[in-house]
There are 2 protein chains.
Amino acid sequence: MSDPEPEMELVHLLRAVAVELGAHSARFAQRNGMHPTDVRALIALMDAARAGEAMTAGRLGGALGLNSAGTTALVDRLERAGHVRRVRDGRDRRRVTVEVDERAVTLGWSHFGPLIGRAVELLRGYDERELAAIRGFLTGVREAAADDGREPHHNEPG
Amino acid sequence: MSDPEPEMELVHLLRAVAVELGAHSARFAQRNGMHPTDVRALIALMDAARAGEAMTAGRLGGALGLNSAGTTALVDRLERAGHVRRVRDGRDRRRVTVEVDERAVTLGWSHFGPLIGRAVELLRGYDERELAAIRGFLTGVREAAADDGREPHHNEPG
DNA sequence: CGGTATTATCTCGCCCAACGAGATACTTGT
DNA sequence: ACAAGTATCTCGTTGGGCGAGATAATACCG
């Protein structure tokens with residue numbers, strides 16, 4: 001009576017992976033005297049840097065679901081630890097852009113590097129059709145999870 | 001110059017999925033006046049129930065990385081909200097097993113059901129070889145992430 | 001059977017991440 | 001120049017989680 005659908009095994013596996021990745025990040029946080037939110041912030045900052053965009057304090061807080069007070073405290077914390085720098089925007093001097101320090105990047109790489117390397121190694125073992133399946137499944141799940149956040153009640157017109 | 005390895009795209013995609021699934025859970029928590037830890041606890045309890053094992057307060061706290069004080073507070077919170085019941089173990093009367101209320105299961109299903117359904121639907125579109133690739137990749141990543149937690153410093157003897 | 005160690009949970013007091021409200025500083029529109 | 005809008009910060013408070021230790025039940029050992 002428990003699992004009539006064999007697909008549920010993979011659903012549970014994906015959930016287990018998400019949990020394990022969260023635990024992996026939490027370990028990085030604890031080992032470096034940080035909080036989970038701090039790690040999420042650093043990742044968001046590095047993602048923005050990779051995309052070539054500047055990250056302001058406000059956008060960072062928004063991405064993490066923090067209000068302005070929490071965001072200030074977060075950036076204070078990261079700055080005190082030397083992981084980021086506050087830089088006043090020259091054009092709009094109300095804005096504070098948050099820049100990641102190089103040492104934080106190195107520190108992060110030393111923790112996440114091995115895991116990323118293993119994942120890349122695994123992916124090299126698959127052919128194009130298998131990679132397309134992995135990519136398609138992950139993309140679909142990401143969209144399904146994100147869709148719920150947008151308009152959970154009413155449909156949008158075409 | 002940014003991504004010489006094409007595999008990195010899938011690595012970032014997997015990370016994005018993990019983030020999105022976390023946000024999905026956080027939304028469930030917020031909509032029902034709960035905290036992320038409470039949701040993690042309910043999931044752990046349902047997993048144990050699915051596996052046919054009883055979950056004690058201590059094991060629950062251990063699974064979530066809480067100490068005993070935090071665990072007591074967590075179960076208090078969940079019990080006050082009517083999501084779980086405390087049941088004294090008959091054999092070892094020090095133990096308190098935590099049972100999930102049916103309504104909490106229904107509530108959870110109403111939130112996570114559509115996402116799970118969509119994932120199952122996606123998986124039905126793949127053949128055995130593609131499913132094996134998805135399963136293999138996810139299993140490998142889970143193991144790589146978990147390995148770091150076990151013995152990061154010294155090797156164990158044979 | 002009594003006594004001590006061990007295990008499971010709970011209580012108490014504290015810390016600090018995050019919140020709400022509002023102050024401050026800068027920019028934009030009229 | 002002045003009002004309205006926007007970005008960040010300050011202040012006071014809440015509440016999840018921690019450390020230390022109390023309480024209660026079980027296991028070990030002579």
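So that the names make sense, note that chain A is the first sequence line, chain B the second, and so on, each numbered from 1.
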Roughly how many Å is it from [atom1] in [X] to [atom2] in [N], rounded to a whole number?
{"X": "R80(A)", "N": "dC16(C)", "atom1": "CZ", "atom2": "P", "result": "10 Å"}
{"X": "D38(A)", "N": "dA18(C)", "atom1": "CG", "atom2": "C1'", "result": "12 Å"}
{"X": "L78(B)", "N": "dG16(D)", "atom1": "CG", "atom2": "C1'", "result": "13 Å"}
{"X": "L66(A)", "N": "dC9(D)", "atom1": "CG", "atom2": "C1'", "result": "15 Å"}
{"X": "D89(A)", "N": "dC26(C)", "atom1": "CG", "atom2": "C1'", "result": "11 Å"}
{"X": "R40(A)", "N": "dA17(C)", "atom1": "CZ", "atom2": "C1'", "result": "13 Å"}
{"X": "L74(B)", "N": "dG17(D)", "atom1": "CG", "atom2": "C1'", "result": "11 Å"}
{"X": "R59(B)", "N": "dA8(C)", "atom1": "CZ", "atom2": "C1'", "result": "14 Å"}

Does T37(A) place a side-chain N or O at less than 4.0 Å from the phosphate oxygens OP1/OP2 of dA18(C)? yes
Strictly below 4.0 Å: does R77(A) bring a side-chain N or O up to OP1 or OP2 of dA18(C)? yes
Go nucleotide by nucleotide along DNA chain C from the 5' end; which of D76(B) and R91(A) gets its closest nucleotide reached first? D76(B)
Between S68(A) and G70(B), just flag the one whose closest nucleotide in DNA chain C comes earlier from the 5' side. G70(B)
For R86(A) and for R94(B), locate the closest nucleotide of DNA chain D by heavy-atom distance; then report the residue assigned to the nucleotide nearer the 5' terminus. R86(A)
Whichever of A73(A) and R95(A) has its nearest DNA chain D nucleotide further upstream toward 5': R95(A)
Listed nucleotide nearest any side-chain atom of A69(B), set dT11(C), dT9(C), dC9(D): dT11(C)
Counting heavy atoms from C-beta on, name the nucleotide in dT27(C), dC10(C), dC18(D) closest to the side chain of R93(A). dT27(C)
Neighbour count >12 (heavy atoms, 6.0 Å) for atom CD, E53(A): yes
Taking every heavy atom of L21(A) against every heavy atom of A18(B), the minimum-distance pair comes out as CD1-CB, 4.0 Å
Would you mind reporting whether T139(A) and E143(A) have side-chain heavy atoms less than 4.5 Å apart? yes
For dG17(D), does the base pair up with any side-chain atom of N67(B) as donor and acceptor (N or O, under 3.5 Å, distance only)? no
Measure the acute angle between the ring planes of F28(B) and H111(B), then classify it against the limits of 30° and 60° as parallel, tilted or perpendicular. tilted
After noting the C-alpha distance and the side-chain angles of E79(B) and R85(B), does the key distance pass the salt bridge (Lys or Arg N to Asp or Glu O under 4.0 Å) rule? CA-CA 6 Å; E79(B) 194 170 42; R85(B) 292 180 297 277; over 6 Å; no
Have a look at G65(A) and say if it touches a base, only the backbone sugar-phosphate, or nothing, with a 4.0 Å heavy-atom cut-off. sugar-phosphate
